Amino acid sequence: MKIIHTVGARPNFMKAAPVWSAINKITDFSQILVHTGQHYDRLMSDIFFKELRMPVPDYNLNIGSNSHARQTAAIMIKFEELVNELKPDLVLVYGDVNSTVAAAMVCSKLSISIAHVEAGLRSFDRKMPEEINRLITDQLADLLFTPSKDGDDNLIKEGIPKSKIHFVGNVMIDTLVRLLPKAAKPNNFQDLQQYILVTLHRPSNVDDPKSLRSIIKKLQDVSKSIPVIFPVHPRTKKMIAENELNIQNNVNFHLIEPLGYLDFLGLMKDATAVITDSGGIQEETTYLNIPCITVRENTERPITVSLGTNHLIGKDHYKIKNLVNNAVDRKKRSNTIPPLWDGKASERIAETLVVYCKNL
Ligand code: UD1
């Protein structure tokens, strides 16, 4: 059996790593790793392969950045050539980025089995490019691995047969559980006891200058009482420069380069609170019991709000200050870790794949 793992952007890497190693342990499948090159900077890509102990990709399609249509189409053209040459039995795709949907569309038309890891998540907001990618990928996939039961419910409502859906838990948490003991704050932040960690990159926040300006202003206000550490995504960096926001770092406000997995996790696990618009970080903070302030109107991960530590604030940026104050004052808060976020999701995926592939 020949399996291709397709990855392209930063959030894919920590999902693929544990699945790769689980398959490696229990089967003699031949595994091929294809990187589309959607993310290409060292700090957005290479560092993760090293830290996650992923093999160097067998193929890199070197697609790079472009408009959605051009990027997705370019991946499809090169990926089609590659799968025609390699003839895999099954292709694994991860999450909801353009690389995910591009690979799924290619395989679907070539009648190659598709397994989608992190299936069924829905924000019900079709203005998000990721929501379109999720909807299409799930319609095309033959095996749908869900991280939470709400994913199963969404898929069933969309007419996906139950037999294709496998509730396995959260592979991102597999990586977190494995690497938590190795995670440590970067040296220059070792002495900070309390601080707020920030990540922002969603077009709805950073591509709109008014919104970006307003959020940065609130973060600067927060930094008057507690240090703020903000590793800046390339999209956000570009928008800060284009809008001439001229942000000055000071002893309490740290705009820094994107961090690797271990540095970021090291900061996240001890943060007073995290402010983000990422999907995965909503899950990681829930697992770590760290308050998470999500600057989005909706989430495709509602379990992080119902069971976890997540607060959605939408465009009400003024809420940041109060929520940060609550986090600073908080006594121990007991969260609940969602079912099957136990570090073993990838093992369940590997076992399911063995059974599925026997019947191919
Ligand atoms: C992509 C995903 C998003 C995910 C995010 C994580 C889609 C539709 N979006 O968004 O779901 O949460 O990755 O980071 O797939 N750039 C660089 N270096 C890089 C990569 C990007 O400088 O290595 C810059 C380019 O200017 C590019 C911009 O960032 O135009 C955006 O990159 P892109 O991959 O298009 O989308 P992301 O915003 O990173």
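What you see below is based on every heavy atom in this structure, not just the backbone, and it leaves out hydrogens, waters and symmetry mates. All ligand and atom numbering here is 1-based and tracks the order in the structure. Because the structure is predicted, anything quoted here is derived from the model rather than measured.
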Nearest protein heavy-atom contact for atom 24 (C) of ligand 1: which residue, which atom, what distance? P234 CB, 3.6 Å
Numbering as shown, the atoms of ligand 1 that approach K238 to under 4.0 Å (heavy-atom distance): 26 (O), 30 (O)
Identify the heavy atoms of T36 and G8 that sit nearest to each other, and give their distance. OG1-CA, 3.2 Å
Roughly how far, to the nearest 0.5 Å, is CG of D207 from CE of M239? 5.0 Å
Would a hydrophobic clustering, with Ile, Leu, Val, Met, Phe, Trp and Tyr connected at side-chain separations under 4.5 Å, put M76 with L135? no
Looking at Q38, E130, H68, the heavy atom closest to atom 3 (C) of ligand 1 belongs to E130
Below a 4.0 angstrom heavy-atom separation, can you tell me which part of R235, side chain or backbone, both or neither, approaches ligand 1? both
Give the minimum heavy-atom separation between L86 and K2, together with the two atoms involved. O-NZ, 2.6 Å
What protein heavy atom lies closest to atom 6 (C) of ligand 1? Include the residue and the distance to one decimal. P11 CD, 3.5 Å
Tell me whether the rings of W20 and H5 are parallel (<30°), tilted (30 to 60°) or perpendicular (>60°). tilted
Who's the nearest protein heavy-atom neighbour of atom 18 (N) of ligand 1, and how far? D41 OD2, 2.9 Å
Nitrogen or oxygen atoms of N133 and ligand 1 under 3.5 Å apart: no
When the ring planes of H254 and F189 are compared, do they come out parallel, tilted or perpendicular, using 30° and 60° as the limits? perpendicular
Are more than 12 heavy atoms, taken from residues, nucleotides or ligands other than K344, located less than 6.0 Å from that residue's NZ atom? no
for atom 30 (O) of ligand 1, nearest protein heavy atom and its distance come out as S65 CB, 3.5 Å
Atom 5 (C) of ligand 1: which protein heavy atom is closest, and how many Å away? H201 NE2, 3.6 Å
What's the shortest distance from atom 8 (C) of ligand 1 to any protein heavy atom, and which residue and atom give it? N98 OD1, 3.3 Å
Among all protein heavy atoms, pick the one closest to atom 32 (O) of ligand 1 and tell me residue, atom and distance. H39 NE2, 4.3 Å
Interatomic distance, K127 atom NZ to E297 atom CD [nearest 0.5 angstrom]: 7.5 Å
Using a 4.0 Å heavy-atom threshold (strictly under), name the region of S99 that reaches ligand 1: side chain, backbone, both or neither. neither
Ligand-side contact atoms (ligand 1) for residue partner M44, heavy atom cut-off under 4.0 Å: 14 (O), 23 (O)
Suppose we call two aromatic rings close when their centres sit under 6.0 Å apart. Are H35 and F13 close by that rule? yes
Among all protein non-hydrogen atoms, which one is nearest to atom 17 (C) of ligand 1, and what is the separation to 0.1 Å? Y40 OH, 3.2 Å
